[in-house]
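Here's the structure, in structure tokens; my notes come after.
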Amino acid sequence: MTTLAPLYPTHQPRKLKVATVSLAGCFGCHMSFLDIDERILELIEHVEFDRSPLTDIKHVGHCDIGLIEGGLCNSENVEVLRDFRKHCKTLVAVGACAINGGLPAQRNHLDLGEILQDVYGSRTGMSAGSAIPNDPELPLPLNKVHPIHEVVHVDYFLPGCPPPADAFWRFLTDLMAGRTPHLGHGLMHYD
Amino acid sequence: MSTSTATPDASFTLDGEDVPFRPGETILQAAQRAGHYVPHLCWHPEFHPHGSCRVCTVKVNGRAGAACTVQAAAGLAVESSTDELNAHRKTLLQMLFVEGNHFCPSCEKSGNCLLQATAYEAGMEGPHFEEFYPDRPVDASHPDILLDFDRCILCELCVRASADVDGRNIFAIAGHGIDTHLVVNSPSGKLGDTDMTLADRAASICPVGVILPKRRGFAVPIGERRYDVKTVAEPGNQEAS
Ligand code: SF4
Ligand code: SF4
């Protein structure tokens with residue numbers, strides 16, 4: 001018996017484009033993401049990475065999913081975040097810092113000028129002529145650190161410090177399958 | 001059905017299930033005794049109800065009321081785990097989180113915290129609202145006990161424990177509206193100027209990470225703590241302190 005050729009051309013689903021970035025974060029979330037280990041091979045059957053520390057692409061293109069690690073502590077963070085929002089259909093706040101500012105936000109009850117002065121001006125052991133860095137290339141620090149949902153609309157939050165690898169996996173497989181991501185007990189963690 | 005002193009018809013329904021009660025019990029007391037979970041923060045089985053956090057709000061015959069203060073009565077139809085009530089609970093939790101400074105990764109209470117566990121159970125993935133980042137300095141004046149006001153949810157459990165159990169009246173709530181805050185009853189306002197001890201009930205009652213023993217950290221690793229192992233909804237695990 002001969003096998004019939006399909007009547008219609010078979011449709012290979014397009015790979016989803018995913019971009020990731022670390023703003024005011026520590027890259028811990030990215031490291032935890034990589035802890036999905038060999039499942040990354042299955043993942044790249046379904047997704048293609050755009051801008052990300054994994055690809056070294058510098059500018060985000062049109063993407064299906066944007067994963068944002070870290071909050072906003074300087075003007076560049078805000079620009080990059082807005083660019084991601086513009087280019088990503090679904091934007092995800094990943095980890096404690098993106099979600100509520102996290103560790104960097106511990107400076108929020110201190111005066112920024114005083115912190116800079118303490119660190120670069122009056123600390124003991126500083127070499128003569130030390131001053132607060134003011135190279136125009138440096139992004140200006142924000143007065144306070146902010147979580148990303150205070151600046152752009154965020155579609156989903158993936159909590160944890162960092163979110164466990166299994167939480168990344170559950171979240172992404174749910175999202176790719178068109179389900180509302182649901183972490184449930186054991187994967188939902190704020191610590 | 002009934003093994004207690006309750007008469008056979010002394011029951012109400014909670015989300016359609018019969019819950020027997022003893023005379024004088026509130027809806028929350030009876031529900032918890034029967035193994036049901038009604039989310040709550042300021043209620044604790046050892047203390048008089050306070051009715052302030054509103055997280056236990058249920059609908060009793062269609063009208064909203066705090067399950068910790070409404071008396072159980074035969075034939076009541078109580079709704080608790082409905083989409084509408086659970087959505088309201090999540091909003092209350094999100095407001096509590098942004099009003100304080102809740103950086104769980106650096107909090108010794110993480111994993112043992114009732115606020116956090118209740119938020120997990122409510123499926124609270126993010127804060128939704130803008131953070132207040134209030135300035136609430138730590139009180140480290142006591143030799144054995146630390147007060148980190150960043151995390152206070154004003155449940156008044158420490159106030160009740162200190163007054164009703166310890167007989168010391170060390171804590172009180174002052175101010176009103178958004179300025180409501182916990183104060184220490186001592187001339188300097190510092191805990192170091194009180195006679196509080198680690199053996200006081202008030203030293204162990206805080207359901208969140210405000211009143212903490214000093215020099216105790218990571219005795220149980222993150223990931224193996226009370227609410228890492230079992231959810232807050234499970235019978236026997238509904239109180240953090
Ligand atoms: S008190 Fe609870 S919710 Fe607040 S920071 Fe500590 S663990 Fe997190
Ligand atoms: S310190 Fe703890 S027990 Fe006291 S009111 Fe605040 S949250 Fe409640």
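To find a chain, count down the sequence lines: A is the first, B the second, and so on, and within it residues start at 1. Please read all numbers here as calculations on a predicted model, not as lab measurements.
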- request: Report the distance from atom CE of M188(A) to atom OG1 of T231(B), rounding to the nearest 0.5 Å.
  value: 12.0 Å
- prompt: Is it the side chain or the backbone of V98(B) that comes within 4.5 Å of chain A heavy atoms, both, or neither?
  reply: neither
task: Start with the C-alpha gap between S110(B) and H189(A), add the side-chain angles, then the distance that decides, and say whether side-chain contact (heavy atoms from CB on, under 4.5 Å) holds.
output: CA-CA 9 Å; S110(B) 198; H189(A) 267 283; over 6 Å; no
task: Kindly check if the number of other-residue, nucleotide or ligand heavy atoms within 6.0 Å of CE (M126(A)) is above 12?
output: yes
query: For chain B, which residues from residues 143-150 of chain A have at least one heavy atom closer than 4.5 Å to it?
result: V145(A), H146(A), P147(A), H149(A), E150(A)
task: Could you check which of Y120(B), Y133(B), F97(B) has the highest count of heavy-atom pairs closer than 4.5 Å to chain A?
output: Y120(B)
field: Pairs where residues 80-89 of chain B contributes a residue and the test side-chain hydrogen bond (donor to acceptor under 3.5 Å, both in side chains) is met, not counting sequence neighbours
entry: K59(B)-E84(B), S80(B)-R89(B), S81(B)-N86(B), N86(B)-R89(B)
message: Show me the pairs that pass salt bridge (charged side-chain N to carboxylate O under 4.0 Å, His left out) and involve residues 125-136 of chain B, at least two apart or across chains.
response: none
message: Below 4.5 Å, heavy-atom pairs only: which of G111(B), C107(B), A119(B), A117(B) has the largest tally toward chain A?
response: A119(B)
query: So, for Y190(A) and F103(B), is the gap between ring centers shorter than 6.0 Å?
result: no
Residue E17(B) excluded, over 12 heavy atoms near CD under 6.0 Å: no
task: Could you grab the distance from atom CE of M124(B) to atom CD1 of I99(A), nearest 0.5 Å is fine?
output: 8.5 Å
query: Just wondering, more than 12 heavy atoms not from F129(B) lying within 6.0 Å of its CZ?
result: yes
- request: Over all heavy atoms of both residues, which pair between N100(A) and H102(B) is shortest? Give the atoms and the distance, please.
  value: ND2-O, 3.1 Å
- request: Hey, could you give me each pair passing salt bridge (charged side-chain N to carboxylate O under 4.0 Å, His left out) that has a residue in residues 36-45 of chain A? Not counting sequence neighbours.
  value: R39(A)-D166(A)
query: Got more than 12 heavy atoms from elsewhere within 6.0 Å of NZ, K15(A)?
result: yes
